[in-house]
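Before any comments, here is the structure.
Along the sequence shown, the residues carry numbers beginning at 1. Every number for a ligand or one of its atoms is a count from 1 in the order of the listing.
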Amino acid sequence: EFSKLIKREVNEVIKALFMLGVMVTINQDIDFDTAQLIGDNFGVEVGQKAPEEDPTEIPEVDDPPEKRVPRPPVITVMGHVDHGKTSLLDAIRKTNVTSREAGGITQHIGAYKVNYQGKQIVFLDTPGHEAFTAMRARGAQVTDVAILVVAADDGVMPQTIEAINHAKAAKVPIIVAINKIDRPGANPDHVKQQLAEHELIPEDWGGDTIMVPVSAHQKTGISDLLEMILLVAEMQELKANPNLPAHGTIIEAQLDKGRGPVATVLVQRGTLHIGDTIIAGTSYGKVRAMINDRGEKVKKALPSTPVEVLGLNDVPAAGDILDSTDEKTARGVAEKRIAKKKEEEIKLNSKVSLDDLFQRIKEGEIKELNIVVKADVQGTIEALKASLEKIKNDEVKVAVVHAGVGAITESDVMLASAANALIIGFNVRPDANARKAAETEKVDVRTYRVIYDALNDVEAAIKGMLAPKF
Ligand code: GDP
């Protein structure tokens, strides 16, 4: 290929490489530096093509660090059910609206901003790590600091531990709010002890985790908590350039009867203006109106500002990334994303299965039946593999794409999914993760105890004579 590109005979190129001390055959890869040297040799300039742009992504904008300015931190509240996440969010909200604003209607748009000692803090309104993780799974990272709420009378519970692990996985700093200290059974020290077992050592014990005793009911400790949030946030030096096209994340979205698709976006970089063309996931449009968390219409939204946006042509999903761009790009990228999504859906639904195999062979869709084999002993694998690969007819042949000893694992399922293969387990079963993955990836997993049964099923499926499964 390279010789063709530089319009030389292959032998000449191989010879030149040989002179450089590089021994290659005709179909061997050479790296760029070597190619460049050979190019020099022949007086041909060799360059590297820029990696192709992904048509489903908005082109990156230049965002030099020196142009970024401080932005408010974004906080997520997590913790076990009933430990007081919602109450704490309410308490923070109520104690921190000034009298002028108190008259206005506060609007639940999925996030709100509070002012504390002249500084702003943004709180995401959907507590819990489920929303947090769902967003992260979509590649969105919006949280700067996680507040872990632990009830002082109940202590560390399963979801407390989950929340800790999720925050740690996202590398988000944790501040612990020990809540319900007004309760008679409250025992903050016991909570600290339990948290220490999960590597959250309180500062007063020589660790580095800030723990603040609060009561959402009596509204005590709230200002301490806000102060600590600002302190932790300050150490992160959170910055964003407001003078760029807006970039953010959809916090929540729904279809409103009167107003059409309504999405709350947290602007994370740049500024969003009325009239901007935006794209969020597969939906796009022009910003028709923006409403802040106080129910006021606004004309622009700066970094770390949550706003409700009207004007998208469809309802995006929470966690979708929002970008402001020109109309042509927005429409083009949205179309590409829709096409890609459809393609993925078709792929997901078209995994091979013994049940519809015959039909698909007849339609000429499948010419090779790929199989992943897992068994308890190596001997069985050899026997199964050899016999399976003998099964074929005029339309289809069987190929074992992977075989191994041991239980069927998630990675077997992912491999089968990628290869459009089915999995045959002999005297082994899928573990819990593998079962879950098989369900989402729609991979057909069959387990057997008798080799003859396995071979029989595959043979019957190919001939369209498989007895239906009940
Ligand atoms: P979430 O499930 O974590 O959002 O918890 P909630 O905010 O719904 O609170 C669960 C229960 O605990 C409710 O009955 C609250 O009234 C109560 N609760 C929350 N915070 C406090 C507190 O500081 N003191 C007391 N005594 N009860 C609280």
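D376 is linked by a salt bridge (Lys or Arg N to Asp or Glu O under 4.0 Å) to nothing, counting only residues two or more places apart in sequence or in another chain. In this view, R288 satisfies the salt bridge (Lys or Arg N to Asp or Glu O under 4.0 Å) rule with no residue, not counting sequence neighbours. Shown here are the salt bridge (Lys or Arg N to Asp or Glu O under 4.0 Å) partners of E227, two or more places apart in sequence or in another chain: there are none.
Ion pairing of K436 with E410 is absent here, as no side-chain N (NZ or NE/NH1/NH2) approaches a carboxylate O to less than 4.0 Å. Salt-bridge annotation for D293 and R93: absent, with no side-chain N of the basic residue lying under 4.0 Å from a carboxylate O of the acidic one.
The residues lining ligand 1, counting any heavy atom closer than 4.0 Å, are H80, V81, D82, H83, G84, K85, T86, S87, N179, K180, D182, R183, S215, A216, H217.
At most 12 non-hydrogen atoms from other residues, nucleotides or ligands lie less than 6.0 angstrom from CD of E60.
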